[in-house]
*Asks:* 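Below are the structure tokens for one structure; questions will follow.
Atoms considered below: every heavy atom in the structure, side chains included; atoms not considered: hydrogens, waters and symmetry mates. Every chain is numbered from 1, with letters handed out A, B, ... down the list of sequences. Computed from a predicted structure; not experimentally measured.
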Number of protein chains: 2
Amino acid sequence: MTNSQEAFSRYLAEKNLKMTPQRRVILDTLQKQDEHLSSEELYALVKRHDPSIGQATVYRTLKLLNEAGIVEPLDFADGVTRYESSYGREHHDHLICEACGRNIEIMDEVIERRQEELAEEHGFTLLRHKMYLYGLCPDCRGKK
Amino acid sequence: MTNSQEAFSRYLAEKNLKMTPQRRVILDTLQKQDEHLSSEELYALVKRHDPSIGQATVYRTLKLLNEAGIVEPLDFADGVTRYESSYGREHHDHLICEACGRNIEIMDEVIERRQEELAEEHGFTLLRHKMYLYGLCPDCRGKK
DNA sequence: GTAATTGCAAATTATTTGCATTGCC
DNA sequence: GGCAATGCAAATAATTTGCAATTAC
């Protein structure tokens, strides 16, 4: 069993919720992909494993996984929420090509530190942040 | 007539589109508010001026205004897209209180510069970015 | 055993679209 | 006058919810 499965079980136990085969399959499937999946894409993959699982269960499980801190919702600018497995991973942000959708994970200490400072300057306690950089990747820049 | 109204007229003319009383009222109303309004909130205000205006026109006009570079869609994490008038304003980001929704505009040169550098390091041409900092404001921190 | 979970279908929410009519340029 | 814009209602899309049946602990 992977770490995130254990973490999920632990989270569920804490909240007096139950581990189910559906939840297991959904988390498992999300983790095997390293693409960022929408709920619908995930649903399609999950169904190959167990066609009886319903879309609503996928939505409900993603919400739980998010509350448990195991997956993160991502908002590229295309109207669909995608998810990535974040358990045990460093925080990172995303650099997205507007032409081809290609998507690079980035992380910068300087920015992270300034974010903290900015929040503090306004008396805020920083809980989390989202940063997306949108541009054109080397391959797409030429074509424009 | 304000600058952004002129800019909108210019944009419309360029594209062989037309200025209409509805579009004028919608832009005007959005500008008078300095709150960030959702399409629905904007619709409610617009209707006070002219009850015959339809919700679809508000959506259509917001889309146009965005294409014209006059308003920006904002995505706080509550599922509703809000808009702010951006014409002639400096770019800025947002610091949002998760408890009360309070929302402070921020701008930091250090971060902006690092964003450019990061994009370049990956061979990207940076077109735009979104950054949201979520936390607790001074008033709400105590209450938690 | 019992409260949580599931799958299904219906409900919601936010947004878009088709179309007949109206109105700007 | 002609093409674009409007209002309305119906259509879509993404997500949520009510509920009876099922299942984990």
*Asks:* Without hydrogens or angle criteria, can the side chains of B/Ser39 and B/Gln55 be said to hold a donor-acceptor pair below 3.5 Å?
*Replies:*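 Side-chain D/A pair, B/Ser39 to B/Gln55: present.
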*Asks:* What residues, two or more places apart in sequence or in another chain, satisfy ring-ring contact (aromatic ring centres under 6.0 Å, His included) together with B/His129?
*Replies:* B/His91
*Asks:* Please give the angle, rounded to 10 degrees, between the axes at the start and the end of the helix from C/dG1-D/dC25 to C/dC25-D/dG1, where five pairs define each axis.
*Replies:*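 Axis angle across the helix from C/dG1-D/dC25 to C/dC25-D/dG1, nearest 10°: 40°.
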*Asks:* In terms of side-chain geometry, is the basic nitrogen of B/Glu41 or B/Arg82 positioned less than 4.0 Å from the acidic oxygen of its partner?
*Replies:* yes
*Asks:* Counting C-beta onward and ignoring hydrogens, is there a side-chain heavy-atom pair between B/Arg60 and B/Arg23 closer than 4.5 Å?
*Replies:*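 B/Arg60 does not reach B/Arg23 side chain to side chain.
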*Asks:* Could you identify which residues cluster with B/Leu95, counting Ile, Leu, Val, Met, Phe, Trp and Tyr as linked when any side-chain heavy atoms lie under 4.5 Å apart, either directly or through a chain of such contacts?
*Replies:*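 Besides B/Leu95, the hydrophobic cluster comprises A/Leu95, A/Ile104, A/Ile106, A/Ile111, A/Leu118, A/Phe124, A/Leu126, A/Met131, A/Leu133, B/Ile104, B/Ile106, B/Ile111, B/Leu118, B/Phe124, B/Leu126, B/Met131, B/Leu133, listed by chain and residue number.
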*Asks:* Give, ordered by number, those residues of residues 63-71 of chain B having at least one heavy-atom distance below 4.0 Å to an atom of DNA chain D; if nothing qualifies, reply none.
*Replies:* none
*Asks:* Sort me out a list of protein N/O and nucleotides 8-10 of chain C N/O pairs below 3.5 Å, or just none if empty.
*Replies:*
none

*Asks:* Quick one: side chain to side chain donor-acceptor pair (under 3.5 Å) partners of A/Arg89, sequence neighbours excluded?
*Replies:* A/Glu105
*Asks:* Is the shortest distance from a Lys or Arg side-chain nitrogen in A/Arg102 or A/Asp139 to a carboxylate oxygen in the other one below 4.0 Å?
*Replies:*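 Looking at A/Asp139 together with A/Arg102, the answer is yes, because their closest N to O distance falls below 4.0 Å.
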*Asks:* Residues two or more places apart in sequence or in another chain: which of them pass ring-ring contact (aromatic ring centres under 6.0 Å, His included) with A/His92?
*Replies:*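 By the ring-ring contact (aromatic ring centres under 6.0 Å, His included) rule, A/His92 matches A/His94.
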*Asks:* Would you list the protein and nucleotides 22-25 of chain C atom pairs, both N or O, that sit under 3.5 Å from each other?
*Replies:*
unit_1	atom_1	unit_2	atom_2	d
C/dG23	N2	B/Lys18	NZ	3.2
C/dC24	O3'	B/Met19	O	2.9
C/dC24	O2	B/Lys18	NZ	3.3
C/dC25	OP1	B/Met19	N	3.1
C/dC25	OP1	B/Met19	O	3.3

*Asks:* Whole angstroms only, please: what is the CG-P distance between B/Leu37 and C/dA14?
*Replies:* 15 Å
*Asks:* Measure across A/Gly54 and A/Tyr43 and return the closest heavy-atom pair with its distance rounded to 0.1 Å.
*Replies:* C-CE1, 3.6 Å
*Asks:* Can you list everything that forms a side chain to side chain donor-acceptor pair (under 3.5 Å) with A/Arg114? Sequence neighbours excluded, please.
*Replies:*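 Scan of A/Arg114 (side chain to side chain donor-acceptor pair (under 3.5 Å), adjacent residues dropped) gives A/Glu117, B/Asp108.
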*Asks:* What pairs with A/Lys18 under side-chain contact (heavy atoms from CB on, under 4.5 Å), at least two apart in sequence or on another chain?
*Replies:*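 None.
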*Asks:* What N/O pairs connect the protein and nucleotides 12-15 of chain D at under 3.5 Å? Give each pair on its own line.
*Replies:*
unit_1	atom_1	unit_2	atom_2	d
D/dT15	OP1	A/Thr81	OG1	3.3
D/dT15	OP2	A/Tyr59	OH	2.7
D/dT15	O5'	A/Tyr59	OH	3.4

*Asks:* Do A/Leu74 and A/Tyr83 come close enough that some side-chain heavy atom pair is under 4.5 Å?
*Replies:*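 No, side chains not in contact.
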*Asks:* Side-chain donor-acceptor contacts of residues 62-71 of chain B below 3.5 Å, not counting sequence neighbours, with atom names and distances?
*Replies:*
unit_1	atom_1	unit_2	atom_2	d
B/Asn66	ND2	B/Val71	O	3.1

*Asks:* Using a strict threshold of under 4.0 Å (side-chain N to carboxylate O), is an ion pair present between A/Lys130 and A/Asp93?
*Replies:*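 Salt bridge absent between A/Asp93 and A/Lys130.
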*Asks:* Judged by atom type as modelled, is there a donor-acceptor pair below 3.5 Å linking the side chain of A/Thr29 to the main-chain atoms of A/Val25?
*Replies:* yes
*Asks:* Could you state the CG-C1' distance from B/Asp50 to D/dG7, rounded to the nearest angstrom?
*Replies:* 11 Å
*Asks:* Tell me: CG of B/Asp75 to P of C/dA14, nearest whole Å?
*Replies:*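 Checked: the CG to P distance equals 14 Å.
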*Asks:* Closest heavy-atom contact between B/Gln31 and B/Ser4?
*Replies:*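 Heavy atoms only, the tightest pair is NE2-OG, 2.7 Å.
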*Asks:* Expressed in angstrom and rounded to an integer, what is the separation of A/Tyr11 atom OH from C/dA4 atom P?
*Replies:*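 About 14 Å, once rounded to whole Å.
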*Asks:* Look at A/Arg23 and C/dT6 and indicate whether a side-chain polar atom (N or O) is within less than 4.0 Å of OP1 or OP2.
*Replies:*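 For C/dT6, OP1/OP2 do have a side-chain N/O of A/Arg23 under 4.0 Å.
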*Asks:* Grab the NZ-P distance between A/Lys47 and C/dG7 for me, whole Å please.
*Replies:* 11 Å
